[in-house]
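No hydrogens, no waters, no symmetry mates; every other heavy atom, side chains included, goes into these values.
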Amino acid sequence: MKMLIKDGQCFVNGRLVETDVLVQDGKIQSLEKGLIAEEKVDQVIDAHDKLVAPGLVDVHVHFRDPGFIYKETVETGSKAAAHGGFTTVGAMPNVDPVPDTPDKIRQMVEHNQKTGVVHIAQYSSVTVNRQGDHLVDFQAMKDAGAFAFSNDGSGIQTAGTMYQAMAGAAKVDLPLAAHVEDNSLLFGGVMTAGKRADELGLPGAPSVSESAQIARDLVLAKATGVHYHICHVSTKESVELVRLAKKEGVNVTCEVTPHHLLLADRDIPANNSYFKMNPPLRHEEDRQAVIEGLLDGTIDMIATDHAPHSEEEKPQDDMRSAANGITGSETAFAMLYTKFVRSGIFSLSQLLNWMSTVPAEQFGLKNAGHLEPGQPADIAIFDLNTERQITEEGYRSKGVNNPFTGQQVYGTTDLTLVDGKVAYSRNGEEFA
C-alpha cells in the first residue's frame, strides 16, 4: 500500500514546513516537496491548508478495561484517542484486576494490541493492587511489557514505600509516574477550598495536598536518581517546586492537563459534576502558573487524563457523590489550539512539541513523536481553518462527561493514520 499526502503544512524536526509525505507499507518513506507526484500510488490525500503532524502522544489515559467496561473499553477508548489525533497512549493501571504481576501485564499488552486502533503502552502498578506497601517486581514487570510504573488515582502515602519504589524503578531504568496527593490533607473536599467552594456550599480541599507530597517526592527522587514524573500538576506551589528541583539537577518531568490550562474554579458554573476531577480545578493564579510553567520549560508536556464515567456516576447536579474525572482525548488538541494558539499565547510548534515529541522522548517511545523516513506512519491531519462544534453525538468514547461539549473550536481531526492504516477519518472510512 502506497499513499501520498500532498501539500500539507508538516511538523518536521520541530519546524513547520510545506512538504509531501510518502507512506509505503506502514512506514514513512520520504518527506520532500513535489514528491514523485507522477509515480503510481494507491491513494493521494490532498492536505492543502491542513496541518500534517506526527500522531499525538498522551501518556495518561484511563481505558477502564478490564473490570469497568461499562465506562470504556480498549476499543472505544482507542477510537476516541484516534478521533483526537492521538496515535500512542499510556494506559493507567487502575483496572480490575490491577496489572501487578507479569502474567497480568502480558495479558493486558496482548489485549491492547489485539483490540486497540492506536498504539497502547501499558503502565504497571507500583504496589500490589495499587494499595499498601507491597511493591511489584520491577524487573519482571518491565520484562513482561510495562513501559512505566504508576499507582495513578492513589497517592503513595508512605515515604518509605515511595523511596523503595523509586529505587526499584531506577534500577530498571523506567519512569515512575506519580499521582501526588496527601490523603490526610483532603478533609472531605470535592473541589479546591476557597471563595468559589464557599459560594457553591461545597466542601473544599486545600491545594497543599498536592504540593506537600511533591516536596517529599522530589527529595526522594534526588536521592534515588529515578526518572520521577508528576501527573497532572495543577498548583503554583507545585510548579515552583519542580522549577527549583530541575535547577538542582533532579531527574523530574511533569505534565499538565488541558482542563487545568483552560479552566479555574471560578469557571465552575454550579454544583455540576462535569467540573469535578482530581486534582480539582484550582484558582486563577494557579492556572496562570501552569501556563507560565509550560512556556518556561518547567512543565514538560500535556496529557489528557482521559477519564470516562457512566452517566449514573456523573449526576450533573451533585459533585459530592460524583466520580472524579472528565474525558479528554477527543477535545484536547482542538480546545488548546483554539484557545491558546489562535490567541497567540502558544505557538503551534510549541503545542505539537508538548503533545507529541516531548512525551515520546521523555518516556522512551522511540517510534512516536516524529515525522521522519523509516518511522511508522503514525500521522494526524488537522483542519485548522474550519470552525466546528463539539457535540456529545460526535464522541467515540463511551463517556460524555466533558465540560467542553458545545464549544466552537478549530483544529479538529480530519484523518488519523496508525502504521499507515486509517484509525479515524472524518469521511467515515472503516477502521483498519
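- The side chain to side chain donor-acceptor pair (under 3.5 Å) test applied to D65 returns H111, not counting sequence neighbours.
- Listed for the T115 side chain is no donor-acceptor partner under 3.5 Å among the backbone atoms of N112.
- Judged by distance alone, with hydrogens and angles left aside, the side-chain atoms of T327 form no donor-acceptor pair with the main-chain N or O of P308 at under 3.5 Å.
- Defined by atom type and a distance below 3.5 Å, a donor-acceptor pair is missing between the side-chain atoms of T253 and Q362.
- Side chain of Q122 to backbone of A91: a donor-acceptor contact under 3.5 angstrom is found.
- In this structure, D267 places its CG atom where more than 12 heavy-atom neighbours from other residues, nucleotides or ligands lie under 6.0 Å away.
- A 4.5 Å side-chain heavy-atom check between L384 and V341 finds every atom pair outside the cut-off.
- Closest heavy-atom contact between S425 and L415: CB-CD1, 3.8 Å.
- Side-chain contact between L51 and L16 is present, with at least one heavy-atom pair separated by less than 4.5 Å.
- We find that D25 and K2 are not joined by a salt bridge, their nearest charged nitrogen and carboxylate oxygen being 4.0 Å or further apart.
- The nearest pair of heavy atoms linking A82 to V118 is CB-CG1, 3.9 Å.
- Within the 3.5 Å criterion, the main-chain N or O of G55 finds a donor-acceptor partner in the side chain of S356.
- Here the side chains of F275 and L281 are in contact, with some heavy-atom distance below 4.5 Å.
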Go through it in stages, so that I can follow the logic: the residues are Y337 and V409, the test is side chain to side chain contact (heavy atoms under 4.5 Å, CB included), and I'd like the CA-CA distance, side-chain angles, deciding distance and then a yes or no.
CA-CA 8 Å; Y337 175 77; V409 293; over 6 Å; no
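- Counting heavy-atom neighbours within 6.0 Å of N385 CG, excluding the residue itself, gives a total above 12.
- In terms of modelled atom types and a separation under 3.5 Å, the side chain of K276 and the main chain of M319 share a donor-acceptor contact.
- More than 12 heavy atoms of other residues, nucleotides or ligands sit less than 6.0 Å from atom CD of E392.
- Proximity of D305 to M277: side-chain heavy atoms (C-beta onward) are nowhere separated by under 4.5 Å.
- Using a 4.0 Å cut-off between charged side-chain N and carboxylate O, E110 and R106 make no salt bridge.
- Here the shortest heavy-atom pairing between T192 and P280 reads OG1-CG, 3.3 Å.
- With sequence neighbours excluded, the residues forming a side chain to side chain donor-acceptor pair (under 3.5 Å) with S154 are R130, listed by chain and number.
- Within a 6.0 Å sphere centred on NZ of K33, heavy atoms belonging to other residues, nucleotides or ligands number more than 12.
- Under 3.5 Å, the side chains of D378 and T88 contain no donor-acceptor pair of N or O atoms.
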Apply side chain to side chain donor-acceptor pair (under 3.5 Å) to S329 and D58, showing your working.
CA-CA 8 Å; S329 296; D58 187 355; 4.5 Å; no
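- A donor atom on one side chain and an acceptor atom on the other are found under 3.5 Å apart for E361 and H370.
- At a cut-off of 3.5 Å, with distance as the only test, no side-chain donor of H306 or T304 sits close to an acceptor on the other residue.
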Between F404 and L263, is the side chain to side chain contact (heavy atoms under 4.5 Å, CB included) condition met? List the steps.
CA-CA 10 Å; F404 303 122; L263 298 170; 3.8 Å; yes
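- For R396 (side chain) and G394 (main-chain N/O), a donor-acceptor pair under 3.5 Å exists by modelled atom type.
- In this pair, F363 and H227 present their aromatic rings tilted. The plane angle is within the 30 to 60° band.
- For S273 and N401, the side-chain atoms include no donor-acceptor pair closer than 3.5 Å.
- Of the N and O atoms on the side chains of E330 and S397, not one donor lies less than 3.5 Å from an acceptor on the other residue.
- Taking the six-membered ring where the residue is Trp, the centroids of F147 and Y123 are separated by under 6.0 Å.
- Between atom CG of residue L262 and atom OG1 of residue T257 there is a gap of 8.0 Å, rounded to the nearest 0.5 Å.
- Considering only heavy atoms from C-beta on, V41 comes within 4.5 Å of L22 through its side chain.
- The side-chain heavy atoms of H259 and P403, taken from C-beta on, include no pair separated by under 4.5 Å.
- Under a 4.0 Å N-O distance rule, the pair D300/K246 qualifies as a salt bridge.
- Comment: K6 engages D20 in a salt bridge, judged by a side-chain N to carboxylate O separation of less than 4.0 angstrom.
- For the pair R426 (side chain) and T413 (backbone), a donor-acceptor distance under 3.5 Å is present.
- The main-chain N or O of M301 is never found under 3.5 Å from a side-chain atom of E255 such that the two would form a donor-acceptor pair.
- Counting heavy atoms from C-beta on, the side chains of S238 and S211 come closer than 4.5 Å.
- The two residues A178 and M162 make their nearest non-hydrogen contact at CB-CE, 4.2 Å.
- The aromatic rings of F333 and F382 sit parallel, their planes meeting at an angle under 30°, below the 60° perpendicular limit.
- Checked by atom type, the side-chain pair Q139/D143 shows a donor-acceptor distance below 3.5 Å.
- A donor and an acceptor atom, one from each side chain of D152 and H62, are located under 3.5 Å apart.
- Judged purely by distance below 3.5 Å, without hydrogens or angles, the side chains of R282 and S207 never pair a donor atom with an acceptor atom.
- Between the K314 side chain and the G325 main chain, a donor and an acceptor come within less than 3.5 Å of each other.
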Start with the C-alpha distance between I291 and F340, add both sets of side-chain angles, then the distance that settles side chain to side chain contact (heavy atoms under 4.5 Å, CB included), and finish with yes or no.
CA-CA 10 Å; I291 293 171; F340 287 107; 3.7 Å; yes
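- Salt bridge annotation for D296-R243: present, with a cationic side-chain nitrogen under 4.0 angstrom from a carboxylate oxygen.
- In summary, the side chains of S125 and D100 do not present any donor paired with an acceptor at a separation below 3.5 Å, with no hydrogens or angles considered.
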May I have the step-by-step check of side chain to side chain contact (heavy atoms under 4.5 Å, CB included) for F86 and T416, ending in yes or no?
CA-CA 8 Å; F86 292 94; T416 304; over 6 Å; no
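- Residue L200 places its CG atom among more than 12 non-hydrogen atoms of other residues, nucleotides or ligands, all under 6.0 Å distant.
- Using a cutoff of 4.0 Å between basic side-chain nitrogens and carboxylate oxygens, E284 and R266 are scored as salt-bridged.
- By the 4.5 Å heavy-atom criterion applied to side chains, Y70 and R64 are not counted as neighbours.
- Closest heavy-atom contact between P66 and V95: O-CB, 3.2 Å.
- Annotation: the span from I45 atom CD1 to I5 atom CD1 amounts to 5.0 Å, rounded to 0.5 Å.
- Judged by distance alone, with hydrogens and angles left aside, the side-chain atoms of Q350 form a donor-acceptor pair with the main-chain N or O of S347 at under 3.5 Å.
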